[in-house]
2 protein chains.
Amino acid sequence: MITDILFVEEIFVADNDCRKNLIAASVPLFAAKGLNGVSVRELASAAGVNLSMISYYFGGKEGLYAAVLTEQFAILGKLEEIEQMEIDTLQKFELYVRATVSRYRRNPYLLRFYTSELTNPTACFETIIKPAIKRVVQMLLDTFADGLSDRKFRDDLNPTDTVLALAGMINFYFLLEPATAELVDHAPERDEQLIRHIMDIFTRGVLR
Amino acid sequence: MITDILFVEEIFVADNDCRKNLIAASVPLFAAKGLNGVSVRELASAAGVNLSMISYYFGGKEGLYAAVLTEQFAILGKLEEIEQMEIDTLQKFELYVRATVSRYRRNPYLLRFYTSELTNPTACFETIIKPAIKRVVQMLLDTFADGLSDRKFRDDLNPTDTVLALAGMINFYFLLEPATAELVDHAPERDEQLIRHIMDIFTRGVLR
DNA sequence: GGTTATCATTCAAACGTTTGATCAGTTTTA
DNA sequence: TAAAACTGATCAAACGTTTGAATGATAACC
């Protein structure tokens, strides 16, 4: 959630309508067509602002794109709250899964942005996307290590393969939706079943 | 694998150097930057041909892109060979996994192309990508149904969630490589371990 | 057999359009 | 009234495509 006031490098920046509208209108456009698939004119007219405002506020199209990505990935902090909790390791993994599914439902663009950057990286990949993904993977690895030292998890599993498998089960389900909508029921009403299914497989896989 | 001679609509089309070079040079460029990220001049100069050859042979940039995708996804037939085999269901799943991993190693562009189309679809998505993905998912579903009727697999699992979980474990591992290379060892030498790991989790998950 | 006609192929050049960015000028705000 | 916000017009560069001429091989003709 972005606030109305941003502090960037100690400089006070009021988040006025023009800025806000541009970012809000750019999210679905960039998510659907990628950085190169949208023109500045398209972005400006979708936001209902003059096209020169993009350069004025963001220094250009790529700046606007970077601002959009920064906002999108600011949400990642939620997962780190879970990491701090003093709960059962397996329960922690379930909370990760629930938080991720819930996030993808409330913000259907997030997944698009980072898979787009993973496949066709722009300048933002190294600065925004890669660090964000590394943080999440590292967090999952740390949690798995906790389960190992508790002697709850199997110690013959490769930790990275294991956490990537969990992440893959969640993310791929949503990534594939545009292609498999006629084959698979992706309705949000089934999310609870999906989460239980993923945790079922994962639990059987990792528990001693 | 494309042959030197193509029969398209009963018209004999010699696959000359110009055509061949254009497709060959376009694969890595389109895979890395997407349809909109590469210019026709870039494509032509990479192929060492005149830029008007793109319109001449493929009717335009999008035609070349479509030709590239068609060639890339022609390889899918390999999986269907496995489906025909008269072997144990679980063994069949392992062959799918092995074939996919081996495919991604020999053709590092395939994954990029279809994740790119899943996130930022072009006109090719409906005509090439979506049918291809649906075929694979349907094939996995059929194989899972075999395991069910053999009473080898748990019958309380949602089949689509299960096969998407398996596909997700494989694909996400490769999709994430650009971001996690410093955190996770993605070396081909580890592929055998990865395959065993995925099959370990999957087997524990689905067997009665 | 020599000439001409026809064809697909290749090329450099130019086409009109769209691109992202900029600028001078105007309005709004504090 | 000075600074900030905003506008419409304009820029050069890049875009994908088309053009018309040149090339060379093959087919048709006398």
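Chain identifiers are assigned alphabetically (A, B, ...) following the order of the sequence lines, protein sequences preceding nucleic acid strands; residue numbering begins at 1 within each chain. Note that the structure is predicted; figures quoted are calculated from it, not measured.
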Check against side chain to side chain donor-acceptor pair (under 3.5 Å), Thr89(A) and Asp146(A): CA-CA 7 Å; Thr89(A) 322; Asp146(A) 289 345; 5.9 Å; no

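Met53(A) has its CE atom 14 Å from the P atom of dT28(C), to the nearest Å. With rounding to whole Å, Asn50(B) atom CG is found 7 Å from dA12(C) atom C1'. The distance between atom CD1 of Ile54(A) and atom C1' of dC23(C), rounded to the nearest whole Å, is 17 Å. Between the CG atom of Asp17(B) and the P atom of dG24(D) there is a distance of 17 Å, given to the nearest Å. Spacing between atom CZ of Phe58(B) and atom P of dG16(D) amounts to 16 Å, rounded to whole angstrom units. Atoms CG (Leu29(B)) and P (dG16(D)) sit 12 Å apart, rounded to a whole Å. To the nearest angstrom, P of dC11(C) lies 10 Å from CG of Leu51(B). Between Leu64(A) atom CG and dT19(C) atom C1' the separation is 16 Å, expressed in whole Å.
A donor-acceptor contact shorter than 3.5 Å is absent between the side chain of Lys134(B) and the backbone of Leu183(A). Between the side chain of Lys33(A) and the main chain of Ser39(A), no donor-acceptor pair closer than 3.5 Å is present.
Side chain of Val40(B), nearest nucleotide from dA21(C), dT10(C), dT17(D): dT17(D). You'll find that the side chain of Arg41(A) is closest to dG20(C), out of dC6(D), dA21(C), dG20(C).
Nearest-nucleotide positions on DNA chain D place Gly48(A) closer to the 5' end than the other of Glu42(B) and Gly48(A).
Other residues, nucleotides and ligands contribute only 12 or fewer heavy atoms inside 6.0 Å of the NZ atom of Lys78(A). Heavy atoms of other residues, nucleotides or ligands lying less than 6.0 angstrom from CZ of Arg105(B) number more than 12. Annotation for Glu62(B): atom CD does not count as buried by contact number, only 12 or fewer foreign heavy atoms lying within 6.0 Å.
Asp161(B) pairs in a side chain to side chain donor-acceptor pair (under 3.5 Å) with only one of the listed residues (Arg190(A), His197(A), Gln193(A)), which is Arg190(A).
Neither OP1 nor OP2 of dA8(C) sits under 4.0 Å from any side-chain N or O of Tyr56(B). OP1 or OP2 of dC6(D) lies within a sub-4.0 Å distance of a side-chain N or O belonging to Tyr57(A).
For DNA chain C, the residues of residues 32-39 of chain A within the heavy-atom distance limit of 4.0 Å (strictly under) are Val38(A), Ser39(A), sorted by number.
In terms of polar N and O atoms assigned as donor or acceptor, the side chain of Ser52(A) comes within less than 3.5 Å of the base of dG8(D) in a complementary pairing.
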